[in-house]
A.B. asks: 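For reference, the structure I am asking about is given below.
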Amino acid sequence: MAGALDPIHQFQIVPLIGEGTFAFTNSAAYMALTVVLITGFLMIGTSARTLVPGRLQSLAEMSYEFVAGTVRQTSGDGGMKFFPLVFSLFMFVLFANLIGLIPYTFTVTSHIIVTFALSMVVMLTVVIYGFAKHGTHFLHLFVPSGVPGYILPLVAAIEVISFLSRPISLSVRLFANMLAGHITLKVFAGFVTMLSASLGGVGLALGVLPLILAIGITALEFLVAFLQAYVFTLLACMYLNDALHPGH
Amino acid sequence: MTETAGPAGTIILAQAEHATPAETHAGTEAHGGGHGGGGAFPPFDSSTFAGQILWLAIFFGLLYLLMSKVAIPRVANIVEGRAERIAGDLAEARRLRAESKAAGEAYEKALADARSKAQTIASETRERVSKEADDNRKRTEAELNAKLEAAAAQIGATKAQALSNVRVIAVDAASAIVERLAGASAPAAEIERAVDASLAR
């Protein structure tokens, strides 16, 4: 009973196939499921190729145009060369978040190492592309123009620190939202069973309150799942824009 | 109620406490027996990091490949295909409209041509007809004038004839009258002279 009510249990990583560090775990299985679902969604959605889209095709086109619109807005048409990366990031985070909302599933994005690795993909892309495209001019990112010489070292230091903290804030934001949301859901859902188990009929009646809350939080979590995927994508686009236009 | 709710509360508090990497081990020890699974707070259990990164690299790499090589071109194809189709349809509609406009103009022009041609024909016919009527009239007038003159000449001739007959008759009548009254005939020359004198009067 304690195991069933433990709100941390859902984040446990269990090896499914193989042993040791690189065993195929439940986390890996859900990553695979995420990839399969995204690909299946897009392939089935676009299989009809009708002029007037059906529901699934409409969704597939909508997700494409939504991400394309975000990329164009934040980094212009030049940013479209990063579109496959940004689209993959958005779909991966969104689907991982949404799959995690199904009870008894594992949420890939509730592990900081996963979100950190995803944000490092963005940051490494920015750094590598920035230096490859602009050479040392990329360092102008840290030296804003029009700043008086005597405070320039200070400003440059702040810019460097803010640049280095980007992957951390990007990954912690997503991870913390997913983690906190799932713990909250589990705790409130746990109250329902605990109340009815200990107080019988009265507890069952009282349990309606946390149940209503759990329902409300579930709805909120759907919003958070989408919103965090969008925020992650939007920030990734803004950072990638720095690689395209390092000058402020 | 408080007895059963208590442990759950402490569990939550305990997790809240060791939600930072530094405290992972303390949390493990305090919490170890709680869920039997053992180990640190899962998201901060560094022993799973390498495996997760590996599998993430594999599956995210796979996703990137699938998206960039297959899915995105497919969706883009549809979206752009639709945009092209719409643009094409619009161009076609524009072309057809221009064509129908040209056809309308051609019709108007043909109509105007036909109308002006009809007017030309009408006026030509009118002129021709009135000219013919004129000619006819002139010819008839000339004929009538000729006939009139001929008639007048005949009348003149007849009149002269009649006048000469009158003189012969008058001479005859005068000689007869003189013979009857006088009982003797008068010389013819004298009678003719008297008749001529009275005719001339």
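Each chain gets a letter, A, B and so on, in the order the sequences are listed, and its residues count up from 1.
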A.B. asks: Taking the six-membered ring for Trp and the full ring for Phe, Tyr or His, determine whether the centres of A:F175 and B:F44 are under 6.0 Å apart.
C.D. replies: yes
A.B. asks: Would you mind telling me which of A:T25, A:L89, A:V108, A:V121 has the largest number of heavy-atom pairs within less than 4.5 Å of chain B?
C.D. replies: A:L89
A.B. asks: Considering only heavy atoms and a distance below 4.5 Å, find which of A:V35, A:I113, A:V14, A:I112 pairs most often with chain B.
C.D. replies: A:I113
A.B. asks: Write out, in numerical order, the residues from residues 93-117 of chain B with a heavy atom short of 4.5 Å from a heavy atom in chain A.
C.D. replies: none
A.B. asks: Scan A:F87, A:F83, A:F92 and name whichever one has a side chain to side chain contact (heavy atoms under 4.5 Å, CB included) with B:M67.
C.D. replies: A:F87
A.B. asks: Using a cut-off of under 4.5 Å for heavy-atom pairs, which of A:L42, A:T39, A:T46 has the most such pairs with chain B?
C.D. replies: A:T46
A.B. asks: Select one option (side chain, backbone, both, neither) describing which atoms of B:A76 are under 4.5 Å from chain A's heavy atoms.
C.D. replies: both
A.B. asks: Between B:L63 and chain A, with a heavy-atom cut-off of 4.5 Å, which part of the residue counts as in contact: side chain, backbone, both or neither?
C.D. replies: both
A.B. asks: If you draw a 6.0 Å radius around NZ in B:K69, do more than 12 non-hydrogen atoms from other residues or ligands fall strictly inside?
C.D. replies: no
A.B. asks: Relative to chain B, which segment of A:T115 carries a heavy atom at a distance below 4.5 Å: side chain, backbone, both, or neither?
C.D. replies: neither
A.B. asks: Name the region of A:S110, side chain, backbone, both or neither, that has any atom closer than 4.5 Å to a heavy atom of chain B.
C.D. replies: backbone
A.B. asks: If you count every heavy atom of other residues, nucleotides or ligands that lies below 6.0 Å from A:E19 atom CD, does the total exceed 12?
C.D. replies: no
A.B. asks: In terms of heavy-atom pairs under 4.5 Å, which option from B:I58, B:I86, B:V79 contacts chain A the most?
C.D. replies: B:V79
A.B. asks: Chain B heavy atoms under 4.5 Å from A:P53: which part of the residue, side chain, backbone, both or neither?
C.D. replies: both
A.B. asks: On a heavy-atom basis, which atom in B:R74 and which in A:M43 lie closest, and how many Å separate them?
C.D. replies: NH2-O, 3.2 Å
A.B. asks: Where do A:L33 and B:F59 land on the side chain to side chain contact (heavy atoms under 4.5 Å, CB included) test, with the steps shown first?
C.D. replies: CA-CA 10 Å; A:L33 179 68; B:F59 286 120; over 6 Å; no
A.B. asks: Assess whether atom CD of B:Q154 is packed by more than 12 heavy atoms of other residues, nucleotides or ligands within 6.0 Å.
C.D. replies: no
A.B. asks: When rounded to the nearest 0.5 angstrom, what is the spacing between CE in A:M91 and CD1 in B:I72?
C.D. replies: 9.5 Å
A.B. asks: Does the pair B:F60 and A:L85 meet the rule for a side chain to side chain contact (heavy atoms under 4.5 Å, CB included), with working shown?
C.D. replies: CA-CA 10 Å; B:F60 190 74; A:L85 174 66; 4.2 Å; yes
A.B. asks: So what's closer than 4.5 Å to chain A heavy atoms on B:L56: side chain, backbone, both or neither?
C.D. replies: both
A.B. asks: With rounding to the nearest 0.5 Å, note down the distance linking CE in A:M31 to CD in B:Q52.
C.D. replies: 5.0 Å
A.B. asks: Answer with side chain, backbone, both or neither: which region of A:A68 has an atom nearer than 4.5 Å to a non-hydrogen atom of chain B?
C.D. replies: neither
A.B. asks: Is the shortest side-chain heavy-atom distance between A:I13 and B:P42 below 4.5 Å?
C.D. replies: no
A.B. asks: Pick whichever of B:S68, B:S47, B:A50, B:S46 has the most heavy-atom pairs under 4.5 Å with chain A.
C.D. replies: B:A50
A.B. asks: Go through the atoms of B:R85 and report whether side chain, backbone, both or neither lie under 4.5 Å from a heavy atom of chain A.
C.D. replies: side chain
A.B. asks: Any chance you could measure B:I53, atom CD1, to A:H111, atom NE2, to the nearest 0.5 Å?
C.D. replies: 13.0 Å
A.B. asks: Please answer whether the main-chain N or O of A:A32 pairs with a side-chain N or O of B:W55 as donor and acceptor at a distance below 3.5 Å.
C.D. replies: no
